[in-house]
Amino acid sequence: MTWRWTRSRTSRAERAAGRNVASKPSNEAPRPIAELHGVGPAIAAKFKALGLVDEIDLLFHRPLRYEDRTRITPIGRLRPSTTTLVQGRVTHQEVRFGRRKSLLVVLADDSGQVVLRFFNFYPSQQRQFAVGNAMRCFGEVRFGPEGYEMAHPQCQVIREGFDPPLPDHLTPVYPTTAGLGQAKLAERILETVDRALNGSLALPDPLGNVQGLGTLADALAAIHRPAATANLDALIDGYDPAVQRLALEELLAHHLALARLNRARAKQHADSLIDNTGLVDRLLAEFPFTPTGAQTRVIGEIAADLSGTRPMRRLLQGDVGSGKTLVAAAAVAQAIGAGAQAAIIAPTEILAEQHRENFSRWFDPLGIEAVWLAGKVKGKARQEALEKLAAGAPLAIGTHALFQEGVEFDRLRLVVVDEQHRFGVGQRLALAAKGAEDTGRGQSRIPHQLVMTATPIPRTLAMTAYAGLEVSVIDELPPGRKPVTTALIRDDRRGELVERIRAQLAAGHQAYWVCPLIEESDLLEAEAAETTWEALKAQLPDFDVGLVHGRMKARDKQAVMARFKAGEIHLLVATTVIEVGVDVPNAGLMIIENAERLGLSQLHQLRGRVGRGSEQAACVLMFKPPLGELAKARLEVMRETTDGFRIAERDLELRGPGEVLGTRQTGMLRFRIADLARDADRVEQVPELARSLKRADVDVLIQRWIGDSEQFADV
Ligand code: ADP
Ligand code: MG
């Protein structure tokens, strides 16, 4: 279970509205972005991809950097590698037909001239840059064949005598995503910041000028509209008082929410699950191997939890390949043996399908049929599945489809969530709610929850990241595993790799070729994978080369994975969709492109897909030179060890906890502003600050940073 609570927007907005009407009648509650003027569903989805759902999110979206458009630099004083605003007149224009067709424009003022260069230009641009036009342009200055030049500057035609005013603040540049332009994003954010600053957006500030860091409004102004004289390094790195002010408030809100969560939990109750039919023993007897010592110990820890009436909230950590599935199966058997229903959910259909195969193989002989529910189960099959679950079928396996409305259980008492970092908390809450019942004595009954993850969290961070969760660790791999050997190679040595793959495939083994995220876009990722796939197909005509990526239909992905598993596909080109859980023991070689761009934990997850059989397996990490010091050190870690905990610890040393915990790969504790390493001192100030707050203030802060308190009280 992660502590990145989803926030319930509507109820927060409603409450904020109710609370603030009295103080300032013009105040409006924060609105969902989808309801803002000029934002359609497609754009709203892009915002959502950035984690921005309502106006509060916009306020806390921090710029990556700032641009100085507050003054015009004389062209004669341009310096290379600076990003600068210039103004002048077009003195020359031509289209060049070289290797790439380009539009070349010369812009001059009294002090000098600069070349503007555009590849992929439109006729309208050619007209815009008519000789004689006055233009204002902003771009990065470089030294080119024709002297100083700007490639693709942002330009604006200036009408004689009507110079538009220069902004009096620096221009923020925000992190964005493909399909959402910087201008559009910035416009929305700055509009909202303005509304917050002029009081038309309700934004109560219970902390005020806390610890001399300024008020909430001060902080928002300093972050989104800094003066040209601001200390930009401090703002970007987060040491600026403005960022510290928000970080402190966020850490405080987090602390308050945890305290509330712990109080709420004391009121929850679960059924004691005692396996009085001997199902667990019968299951274990069926496995072709004996559980490792670690598996046996963890099975015991879970069994003890399940037999109690305090709802289990246990995180099962175990490195890739450590055998978590068997442990989950034992827990499920205990629940079923106690006459209850158990559900196993996985984040993707591929993984869920794999569990279905395993669990069916193990539970069918015991007379227990698994009910399968995924997005692709439709019509009559779905109806049948729903009826079985409502009638109390003991075992449910599937994807988030199991959370959906219309799915009813009879007595769901155990929920197992695999590879937890792929799920949103909201989805898990929805499932927990399915099993929740009011016991009538001010208590609610909820299912036991077992969350499984292969993402190792360094011990030093586990306390914060998993606050409130019991943790079990499988710290032993099944016997006979040979550690995967790992090599680093430059991406211009692709040719040699193809030969190596050919040898691997000719020996009857299989291989993966992974094309990871190049930009924050699954479309581009899919395109990169497709290009690589085409090339490899051509280079390896004697073998079957398959492709799987996130933009394919679930059914098609499934079919490709099934063929890979069956050995019909020899080389699988994939995006990071194969990251977690996929188990194909005959695959002994993995190539990962652009390895320097991936987090260590993600590389570790990917590499864990090979080395699952008894043969020596290998992983090749391709990188694009030149590598920075940090990138080099990180890839070295991958070469030195295959121990996930060791890797996580090194990652922590190299990058700091904010990064390790804050990345998409781990998806654990995720702060918007705060950084546990940077703000360690602030963390210590929080408890005392918390004691000084009134209940209403606590509500405001939890609502703002975490969301509806009732919702997470149910976790
Ligand atoms: P993960 O923890 O990554 O989910 P799995 O549960 O998929 O790992 O197990 C990885 C592989 O190890 C599977 O092929 C499984 O059958 C095998 N395995 C699990 N436990 C043992 C054991 N005690 N002895 C031998 N092999 C095992
Ligand atoms: Mg697994």
Side-chain angles (χ1 to χ4, degrees), residues 280 283-302 314-333 344-363 397-399 416-423 450-457 471-484 510 512 561 564-567 576-588 590 601-615 617 619 642-645 647-648 665-666:
V280 177
L283 175 82
L284 292 177
E286 246 183 57
F287 285 118
F289 37 71
T290 33
T292 61
Q295 283 170 322
T296 305
R297 171 173 47 76
V298 171
I299 289 173
E301 288 166 1
I302 294 169
R314 189 169 283 277
L315 181 88
L316 173 56
Q317 267 194 58
D319 212 342
V320 283
S322 62
K324 294 183 290 294
T325 321
L326 181 155
V327 172
V332 164
I344 300 147
I345 50 174
T348 65
E349 229 160 280
I350 292 176
L351 290 180
E353 180 80 48
Q354 197 166 278
H355 282 315
R356 178 195 186 188
E357 275 170 32
N358 283 328
F359 279 76
S360 298
R361 192 167 66 238
W362 300 330
F363 282 88
I397 300 181
T399 60
V416 179
V417 183
D418 193 14
E419 306 297 356
Q420 127 303 328
H421 62 285
R422 286 287 188 93
F423 277 108
L450 177 66
V451 174
M452 303 197 287
T453 179
T455 309
I457 289 294
V471 179
S472 289
V473 181
I474 307 184
D475 49 7
E476 180 186 351
L477 290 180
R481 297 274 171 84
K482 295 194 190 75
V484 180
Q510 290 163 281
Y512 295 96
M561 287 315 295
F564 187 58
K565 260 196 130 155
T576 47
V577 294
I578 55 140
E579 180 188 337
V580 282
V582 175
D583 190 29
V584 181
N586 188 43
M590 171 173 285
S601 76
Q602 200 173 13
L603 284 173
H604 179 65
Q605 288 288 322
L606 285 168
R607 184 172 59 181
R609 300 305 110 219
V610 293
R612 304 194 139 227
S614 47
E615 303 277 329
C619 175
T642 53
D643 175 342
F645 282 90
I647 289 172
Q665 300 90 286
T666 63

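Along the sequence shown, the residues carry numbers beginning at 1. Each ligand, and each atom within it, is numbered from 1 in the order the structure gives.
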Under 4.0 Å from one or more heavy atoms of Thr292, ligand 1 contributes atoms 23 (N)

OG1 of Thr292 to CZ of Arg297, rounded to nearest 0.5 Å, is 8.5 Å

Any non-hydrogen atom of Thr290 lying under 4.0 Å from ligand 1?
yes

Could you state the interatomic distance from CG (Asn586) to CD (Gln510), rounded to the nearest 0.5 Å?
4.5 Å

Show the atoms of ligand 1 that are less than 4.0 angstrom away from any heavy atom in Pro291.
23 (N)

Heavy-atom distances under 4.0 Å are what count here, so tell me which part of Ser322 touches ligand 1: side chain, backbone, both or neither.
both

Closer than 3.5 angstrom, by distance alone: can the side chain of Gln317 be matched with the main-chain N or O of Val471 as a donor-acceptor pair?
no

Residues passing the salt bridge (charged side-chain N to carboxylate O under 4.0 Å, His left out) test with Glu357, sequence neighbours excluded, are Lys565

What residues form a side-chain contact (heavy atoms from CB on, under 4.5 Å) with Phe287, not counting sequence neighbours?
Leu283, Leu284, Phe289, Leu326, Ala329, Trp362

Heavy-atom contacts with Thr325 under 4.0 Å: which atoms of ligand 1 show up? List them by number with element.
4 (O), 5 (P), 6 (O), 7 (O)

Please state whether Gly321 comes within less than 4.0 angstrom of ligand 1, counting heavy atoms only.
yes

Consider side-chain contact (heavy atoms from CB on, under 4.5 Å). Of Met452, His355, Gln354, which one does Thr325 pass it with?
His355

Distance-only N or O hit between ligand 1 and Gly323, under 3.5 Å:
yes

Mode of Met452 contact toward ligand 1 - side chain, backbone, both, neither (heavy atoms, under 4.0 Å)
neither

